[in-house]
Amino acid sequence: MSKAQPVFALIDCNSFYASCERVFRPDLARVPIVVLSNNDGCVIARSYDAKPYVKMGEPYFQIKHKLQKHGIVPFSSNYALYGDMSERVMTLIESMVPAVEVYSIDEAFADLTGIDGRDALGRKIRSHVLRCTGIPVGVGIAHTKTLAKLANHTAKRLQAQTGGVVDICDPFKRDWVLRNTDVAEVWGVGRKMKLHLDAMGIKTAMDLAKADPWTLRKKFSVVIEKTARELVGTPCLELDEPDPPKQEICCSRMFGKRLTELAPIKEAVATYMMRASEKLRAQQSLCKKIRVSIRTGMFNPEEAKYANGVLIDMPYPTDDVRLLTKAAVDALDRVFRPGFKYSKAEVLLMSLCQQGEYTDDMFATSQPIDTTKLMVVLDQINGRWGRGTLRSASVPVNPDWGMRREMMSRSYTTKLDQLWTVLCQ
DNA sequence: TCTGGGGTCCTAGGACCC
DNA sequence: TCTGGGGTCCTAGGACCC
């Protein structure tokens, strides 16, 4: 007997950040809302009823008046809240299906191979997640990941007709969706690829499904070849193993205002390194190389532009925040040029290896000092009492270059002093 | 005079995703 | 005045080897 054809579900939270905000603000259930990026820069999420008025990525300062005019309420992004709500949603999904790959903060693939009553299960997941967390999700079901994405997209587009669940394992339904979807909506087709495909007369998802995979591979790459094969139902992508350790870890952020002096930039880099090294230790990795870079603003033609970075080789792989911070901060002297208005710094941890995989260098001049215990205690304290409770002295508490977040909601689920207050009469 | 070819490893950069 | 952040994968090209 041949192996059962695989079945994937893609479960995706609707307007996730906006939905999270609404859970704790029932008074805004019928008021359109948007969520802004760090520094209240641009729009990164819109509730369903805000979509007709606001485009994704629109700069906040340009649309303030428009928001007011339509009564749209803006929020600064509150990642502590979204991260915690995401964990709750994913835990519920994991309890209902045999295998899950958490793909992003608001999406998960599930393996539904060999399961009867897929549509009913999809609806059950939807109602269960909604009841337990208040977050609405859409479910797309198909024989490949790329098709499941497309099914999910259709479920959202035709919410009223589909109830948020679409199964296109049936070839007739699949072809209907392929014919009625623009190729730009296909997972893996971005802005550039859309232009190339357009020139070849490939307009719909169906056109791409019918294109010759070998030609696509020769002309572009194996990535788009796989996409085309997945569209006709040939699986090229599997359900990934949970959480393989990252190969690079990055922390970069715009400053809350332009910086011209070296000292505050050093503070920022120390702060970003604190966060990056937390992530490094959370996945039990060590880091051998660091890249630190700084840049000026890119949009304002009046401002002089400068961007530069420096690569630092650590003498041995480490996860010690003190060593990493010193190396990064010292290296800034080499890239900082006076006379520019800096807007952003970035810390990148590279050449990662797992703890225990690494062998000491017999001839190295400086030998590793075992700081594992110290770092474990550091992470325990910060895990219990909040990030930044224990930190290096180079990291300020309330820097004046910090993020602008003027419209942030409370950390309803992660901070004891910000819990919801319910009044009983 | 004639001046190969195939392989690996590393890095930078492009494209894409959410 | 004010335009996000954090990733992955693939490819091309250079250095180096035999």
Side-chain angles (χ1 to χ4, degrees), chain A residues 10 12-17 34-45 54-65 74 76-79 82-83 86 101-109 145-146 149 152-153 184-197 216-227 236-237 240 243-258 268 272 275-276 278-280 282-283 288-289 291 293 295-303 307 309 311 313 341 343-352 403-407:
Chain A
L10 177 68
D12 167 306
C13 303
N14 300 346
S15 314
F16 182 55
Y17 297 169
V34 295
V35 178
L36 306 174
S37 64
N38 281 339
N39 281 316
D40 298 338
C42 58
V43 173
I44 54 169
V54 184
K55 284 205 283 285
M56 205 62 166
E58 277 196 279
Y60 175 56
F61 74 95
Q62 283 175 6
I63 59 165
K64 258 185 197 169
H65 59 283
S76 301
S77 39
N78 182 345
Y79 284 101
Y82 311 149
S86 172
E101 171 196 343
V102 176
Y103 179 71
S104 74
I105 194 163
D106 70 339
E107 280 177 58
F109 285 103
K145 280 181 156 185
T146 306
K149 275 279 222 185
N152 182 282
H153 177 252
E185 304 298 334
V186 173
W187 190 39
V189 177
R191 216 178 62 251
K192 299 268 170 154
M193 188 54 64
K194 157 82 178 159
L195 291 177
H196 285 128
L197 296 176
L216 291 170
R217 183 184 193 132
K218 264 185 291 173
K219 223 170 141 111
F220 307 109
S221 77
V222 63
V223 182
I224 191 75
E225 179 204 356
K226 283 185 185 172
T227 302
C236 301
L237 305 169
D240 278 349
D243 287 343
K246 308 244 183 291
Q247 297 171 19
E248 280 182 348
I249 289 172
C250 176
C251 182
S252 80
R253 221 141 274 167
M254 305 269 303
F255 312 131
K257 62 174 196 181
R258 296 285 193 260
Y272 302 170
R275 182 71 195 110
E278 279 170 9
K279 296 189 207 170
L280 182 74
Q283 63 166 37
K288 181 76 170 63
K289 267 188 208 172
R291 191 182 150 83
S293 48
R295 64 179 317 131
T296 59
M298 297 176 297
F299 294 97
N300 188 347
E302 311 288 299
E303 279 179 65
L311 204 59
D313 256 306
K341 295 197 272 183
S343 71
K344 182 177 180 178
E346 174 173 301
V347 168
L348 186 59
L349 306 184
M350 307 158 74
S351 297
L352 306 190
M403 249 190 260
R404 284 190 308 274
R405 309 201 267 195
E406 283 157 14
M407 296 151 292

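Here is the naming used below: chain letters follow the sequence lines, and residue numbers restart at 1 for every chain. Computed from heavy atoms alone, side chains included, the values below leave out hydrogens, waters and symmetry copies.
- Within 4.0 Å of K149(A), counting heavy atoms only, lie sugar-phosphate atoms of the nucleic acid but no base atom.
- One interatomic measurement links the two molecules: CG of L237(A) to P of dC17(B), which rounds to 13 Å at whole-angstrom precision.
- Residue-level contact check: Y60(A) touches neither bases nor backbone, having no heavy atom under 4.0 Å from any strand.
- Following rounding to the nearest Å, K288(A) (NZ) and dC10(B) (P) show an atom-to-atom distance of 13 Å.
- Between the CD atom of Q247(A) and the C1' atom of dG6(C) there is a distance of 14 Å, given to the nearest Å.
- In this model, the phosphate group of dC17(B) is not approached by any side-chain N or O of R191(A) to a distance below 4.0 Å at OP1 or OP2.
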Problem - Derivation of the side chain to side chain contact (heavy atoms under 4.5 Å, CB included) call for E248(A) and L352(A) - result: CA-CA 7 Å; E248(A) 280 182 348; L352(A) 306 190; 5.6 Å; no
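- A straight line from CE of M350(A) to C1' of dT11(B) spans 8 Å, rounded to a whole angstrom.
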Practice task
Output, in order, the C-alpha distance, side-chain angles, deciding distance and verdict of salt bridge (Lys or Arg N to Asp or Glu O under 4.0 Å) for E346(A) and R291(A).
Solution key: CA-CA 8 Å; E346(A) 174 173 301; R291(A) 191 182 150 83; 5.6 Å; no
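- Residue contacts for V186(A): at a heavy-atom cut-off of 4.0 Å it reaches the sugar-phosphate backbone alone, with no base atom in range.
- For M254(A) and dG6(C), the CE to C1' distance is 15 Å, given to the nearest whole Å.
- Crowding of K341(A) atom NZ: a count of heavy atoms from other residues, nucleotides or ligands under 6.0 Å not exceeding 12.
- Contact check on K145(A) versus E101(A) returns a salt bridge, with a Lys/Arg side-chain nitrogen under 4.0 Å from an Asp/Glu carboxylate oxygen.
- At least one donor-acceptor pair closer than 3.5 Å links the side chain of N39(A) to the backbone N or O of M254(A).
- Heavy atoms of L36(A) sit nowhere under 4.0 angstrom from any nucleic acid atom.
- Checking side-chain atoms of S86(A) against main-chain N and O of I105(A) turns up a donor-acceptor pair under 3.5 Å.
- Backbone-only engagement by K279(A) is indicated by non-hydrogen atom pairs under 4.0 Å involving sugar-phosphate atoms exclusively.
- OP1 or OP2 of dT1(C) has not a single side-chain nitrogen or oxygen of R404(A) nearer than 4.0 Å.
- In this structure, K226(A) places its NZ atom 5 Å from P of dC10(C), rounding to the nearest Å.
- Between R275(A) and the phosphate of dG5(C), there is no side-chain N or O to OP1/OP2 separation shorter than 4.0 Å.
- Regarding contacts with the backbone of dT1(C), every side-chain N or O of K341(A) stays at 4.0 angstrom or more from both OP1 and OP2.
- Counting to the nearest Å, the P atom of dT3(C) and the CZ atom of R253(A) are 16 Å from each other.
- For dA15(B), neither phosphate oxygen OP1 nor OP2 lies less than 4.0 angstrom from any side-chain nitrogen or oxygen of K194(A).
- Contact check, K192(A) against dA15(B): a side-chain N or O comes under 4.0 Å of OP1 or OP2.
- OP1 or OP2 of dG6(C) sits under 4.0 Å from a side-chain N or O of S252(A).
- If you check every strand for non-hydrogen atoms under 4.0 Å, E107(A) touches sugar and phosphate atoms only.
- The distance from atom CD1 of I249(A) to atom P of dT8(C) is 9 Å, rounded to the nearest whole Å.
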